[in-house]
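Note sheet for the following structure.
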Amino acid sequence: MKSVGKEQDVKRMKELVRILNEASRVYYQGQDEIMPNYKYDKLYDELCALEERTGITMSASPTVHVGYETISELPKEPHIAPMLSLGKTKEVSELETWIGSEKGLLSLKLDGLSVILTYENGRLTKALTRGNGETGEVITNNARTFVNIPGRILFEGTLVIRGEALILYSDFEELNARLADVSERYKNPRNLCSGSVRQLNNEITAARRVHFYVYHVIQTAPEQSFATKKEELDWLAEMGFDIVPYKEVTRENISEQVGKFAEEVVSCDLPSDGLVVTFNDIEYSASLGRTAKYPKDSLAFKWRDELADTTLREIEWSASRTGLINPVAIFDPVELEGTTVSRASVHNVSILKELKLGIGDTVSVYKANMIIPQIYENKTKKNNCVIPSQCPVCGGTAEQVQENGSVVLMCRNPECYAKKIKSFSHFVSRDAMNIDGLSDATLEKLINMQILHSVLDLFTLDRHREELVEMEGFGEKSYENLIQSVEAARDVPAANVLYSLGIRGIGLSTARLITKNFPFRLTEFKTLTQDDLTGIDGIGEVLAGSFVEYFADRKNDELIRRLQDILRIQYPAVEKEQKLQGKTFVITGSLVHFENRNQCKKKIEELGGKVTGSVSTKTDYLVNNDVTSMSAKNKKAKELQIPILTEEELMALLDQ
């Protein structure tokens with residue numbers, strides 16, 4: 001019979017397994033994280049201690065699972081070897097004990113998405129995500145757009161390598177700077193990278209400037225062998241790959257080298273969340289084997305974040321263009337990682353409640369990965385913060401609503417002043433209408449002066465010359481430059497106009513996809529249905545619904561009609577007859593007439609068709625030269641009564 005204590009331990013273990021697995025699911029799918037890293041680590045360590053104490057491990061425990069099943073529509077394939085995670089520590093002394101008398105390499109633990117590349121006779125033939133560690137998603141076409149990987153190398157035979165796909169901090173900041181509304185900006189490079197790498201349309205991946213840094217050879221030709229990890233990495237560099245930054249270490253100098261990395265990481269452009277030490281001797285490493293989850297030849301070191309205690313003085317509620325009202329913690333200034341910080345985003349109401357924040361609380365703050373200010377813990381938990389029921393900007397009703405598994409605060413007033421200012425700011429931003437000379441402060445003045453009521457009023461600013469010239473901080477020259485910029489903005493690509501409208505979730509890349517697939521006049525977009533939009537790779541039900549809802553609104557309809565008359569909109573040219581418009585294909589098996597599947601895919605897409613990786617009810621044709629094959633795709637096509645075309649039959653269809 002179980003003791004009461006053990007029953008409580010098992011109950012807590014089940015709760016921890018549920019919480020941690022949900023956090024992992026969100027993390028591995030590149031969605032907004034539901035808890036900071038420090039909290040995950042704390043709960044994970046608690047679970048490990050309970051498992052050791054009770055001798056019980058739940059079958060779904062993250063201590064025995066490597067990753068989480070993905071849910072995208074990308075095709076999946078098994079890895080040739082399990083893609084394991086790493087054991088971890090935050091103590092330099094443990095690194096010294098672990099390395100013992102061996103020599104090792106200490107490298108950055110890059111914070112992106114693990115990707116496995118396969119080269120056959122020098123050509124990149126396959127790219128897989130880590131997935132759940134046993135099976136990954138096929139992202140070959142996306143990988144070919146990575147900024148820095150070679151498409152061909154001087155190597156015969158098979159080469160399989162593992163590395164990290166990531167987005168540089170500098171590129172991340174530039175991408176965020178294009179989004180005028182702070183609330184719409186990406187939270188961190190890893191989330192943006194994960195979403196970029198797993199796109200169904202590689203045009204989006206290419207626009208995000210994804211890089212790849214290799215750190216491991218999984219398989220190579222027998223004649224290409226290495227005695228040390230250093231030789232392996234240096235050879236990969238000679239092949240044209242960017243390799244993970246590393247330092248050679250021993251027990252005697254590993255503490256010093258950790259310190260050097262800690263200094264360098266503050267200004268490093270590569271996102272990282274720690275370090276990895278691995279044995280340099282490859283034969284010795286191989287002899288160590290692995291556990292169910294970890295290889296025994298490597299150990300991760302996670303930064304022990306610099307913490308500082310301070311006093312919470314205020315929760316500032318920041319309204320956005322989309323209506324979200326985000327809590328921001330304001331506290332007494334403290335020094336962290338060489339800079340002074342006095343504010344940190346709390347992200348949403350759920351996290352605010354979980355931290356039990358109150359004015360006057362003593363809170364510990366840190367910089368996540370030495371970059372982003374966060375609250376580590378609340379030591380006093382006064383829990384006296386009042387969540388407003390009114391928007392702090394317009395005074396309209398503010399409601400707590402469920403969104404993506406979290407509670408957020410939303411302003412329900414469509415005429416909210418914050419929405420108005422930020423809508424104007426978004427409309428004139430570089431990736432939208434690109435009108436220079438209109439900062440948020442200037443827009444606010446123009447709104448207060450009753451000059452701006454609608455974005456349409458931007459195109460009649462020349463009627464207010466006298467008021468603008470006399471406005472504080474402006475003048476004759478500023479007025480002339482502004483009017484010239486407004487006039488130049490009339491000549492604008494359709495995608496930029498679509499983006500400028502501020503349709504929730506529709507970024508510039510998505511706007512380009514829509515205008516490319518539907519080169520309509522602006523007033524014709526209201527004819528599109530959700531099915532039309534979800535037929536575009538990379539657009540799901542949520543984005544499609546947001547788009548359709550916007551164009552169904554009567555107020556928006558009037559705005560669009562007026563913009564159509566005011567602007568000189570440039571529409572994408574239809575290069576070829578779109579005879580395959582609306583048709584979805586799946587290509588499988590070997591090809592004879594086309595050099596590869598990508599070439600076949602390109603031909604179909606040129607004629608308006610779409611190519612996906614798996615057979616479904618939306619598939620119109622399966623292309624397979626072996627019509628009698630008993631493959632899963634052939635079976636599925638026959639079950640759904642989907643025509644199976646040989647390559648010759650496909651070419652006849654293309655030439656019709």
Stepwise side-chain contact (heavy atoms from CB on, under 4.5 Å) check, Arg144 with Asn141: CA-CA 5 Å; Arg144 290 193 173 107; Asn141 286 338; 3.2 Å; yes

Side chain Asp281, main chain Tyr284, donor-acceptor under 3.5 Å: yes

Pairwise distance CG(Asp273) to CG(Asp111) - rounded to 0.5 angstrom: 4.0 Å

For Lys230 against Leu105, the heavy-atom pair lying closest together: N-CD1, 3.6 Å

Rounded distance [0.5 Å steps], CD1 in Ile153 versus CG in Leu117: 9.5 Å

Mutual orientation of the aromatic rings belonging to Phe155 and Trp235 [parallel < 30°, tilted 30-60°, perpendicular > 60°]: perpendicular

Stepwise side-chain contact (heavy atoms from CB on, under 4.5 Å) test for Glu51 and Met13: CA-CA 8 Å; Glu51 288 179 348; Met13 286 163 61; 3.8 Å; yes

Flag for Ser196-Arg208: side-chain donor and acceptor within less than 3.5 Å: yes

From Thr534 atom OG1 to Lys618 atom NZ, the distance as rounded to the nearest 0.5 Å: 4.5 Å

Atom of Thr135, atom of Glu77 and distance for their closest heavy-atom approach: CG2-O, 3.3 Å

Evaluation steps, side-chain contact (heavy atoms from CB on, under 4.5 Å), between Arg190 and Ser194: CA-CA 6 Å; Arg190 188 196 184 281; Ser194 181; 4.2 Å; yes

Stepwise salt bridge (Lys or Arg N to Asp or Glu O under 4.0 Å) test for Glu264 and Lys260: CA-CA 6 Å; Glu264 295 167 6; Lys260 287 183 178 179; over 6 Å; no

Short side-chain to backbone donor-acceptor contact, Asn625 and Ser590, under 3.5 Å: yes

Flag, side chain of Glu96 to backbone of Ile254, donor-acceptor distance under 3.5 Å: no

Atom pair CZ/CG of Arg12 and Asp9 - distance to nearest 0.5 Å: 10.5 Å

Exam field: side chain Asn148 to backbone Phe212, donor-acceptor pair closer than 3.5 Å: yes

Side-chain donor or acceptor of Thr140 paired with backbone N/O of Ala127 under 3.5 Å: yes

Within-4.5 Å side-chain heavy-atom neighbours: Val611 and Ile587: yes

Salt bridge (Lys or Arg N to Asp or Glu O under 4.0 Å) between Arg198 and Glu137, intermediate numbers included: CA-CA 8 Å; Arg198 299 167 65 246; Glu137 296 165 304; 2.9 Å; yes

Backbone of Thr129 reached by a side-chain donor or acceptor of His79 within 3.5 Å: yes

Beyond-backbone contact of Glu232 with His216, side-chain heavy atoms, under 4.5 angstrom: yes

Interatomic spacing from NZ in Lys296 to OG in Ser285 - rounded to 0.5 Å: 13.0 Å

Heavy-atom closest pair, residues Leu108 and Val244: O-CG2, 3.3 Å

Minimum-distance pair of heavy atoms, taken over all atoms of Pro150 and Gly240: CD-O, 3.9 Å

Side-chain heavy-atom pair Leu168, Leu166 within 4.5 angstrom cut-off: yes

Over 12 non-hydrogen atoms of neighbours within 6.0 angstrom of CZ in Arg123: no

Heavy-atom donor-acceptor pair, Asp242 side chain to Tyr213 backbone, under 3.5 Å: no

Within 45° cone and under 6.0 Å: Lys247 NZ/CZ vs Phe261 ring: yes

For Ala344 against Pro373, the heavy-atom pair lying closest together: CB-O, 3.6 Å

Residue pair Lys633 / Asn624, side-chain heavy-atom distance below 4.5 Å: no

Side-chain heavy atoms of Val258 within contact of Phe301, under 4.5 Å: yes

Heavy-atom pair of closest approach, residues Met83 and Arg130: O-NE, 3.7 Å

Lys636 atom NZ, neighbour heavy-atom count above 12 within 6.0 Å: no

From CA spacing to verdict: side-chain hydrogen bond (donor to acceptor under 3.5 Å, both in side chains), Thr158, Glu120: CA-CA 5 Å; Thr158 300; Glu120 298 286 356; 2.7 Å; yes

Nearest-0.5 Å distance that lies between atom OG1 in Thr619 and atom NZ in Lys610: 8.5 Å

4.5 Å side-chain heavy-atom contact, Leu299 and Thr89: yes

Contact check, side chains of His211 and Asp171, non-hydrogen atoms, under 4.5 Å: yes

Within-4.5 Å side-chain heavy-atom neighbours: Asn280 and Glu102: no

Ring-ring centroid check Tyr215 Phe241, cutoff 6.0 Å: no

Ser170 versus Asp269, side-chain donor and acceptor atoms under 3.5 Å: yes

Any donor-acceptor pair under 3.5 Å from Asn142 side chain to Val197 backbone: yes

Backbone N/O of Leu307 and side chain of Ser364: donor-acceptor pair under 3.5 Å: no

Exam field: side chain Glu231 to backbone Ala227, donor-acceptor pair closer than 3.5 Å: yes

Glu15 atom CD: more than 12 heavy-atom contacts under 6.0 Å: yes

Verdict with supporting geometry, Val210 and Thr205, side-chain contact (heavy atoms from CB on, under 4.5 Å): CA-CA 7 Å; Val210 179; Thr205 309; 4.2 Å; yes

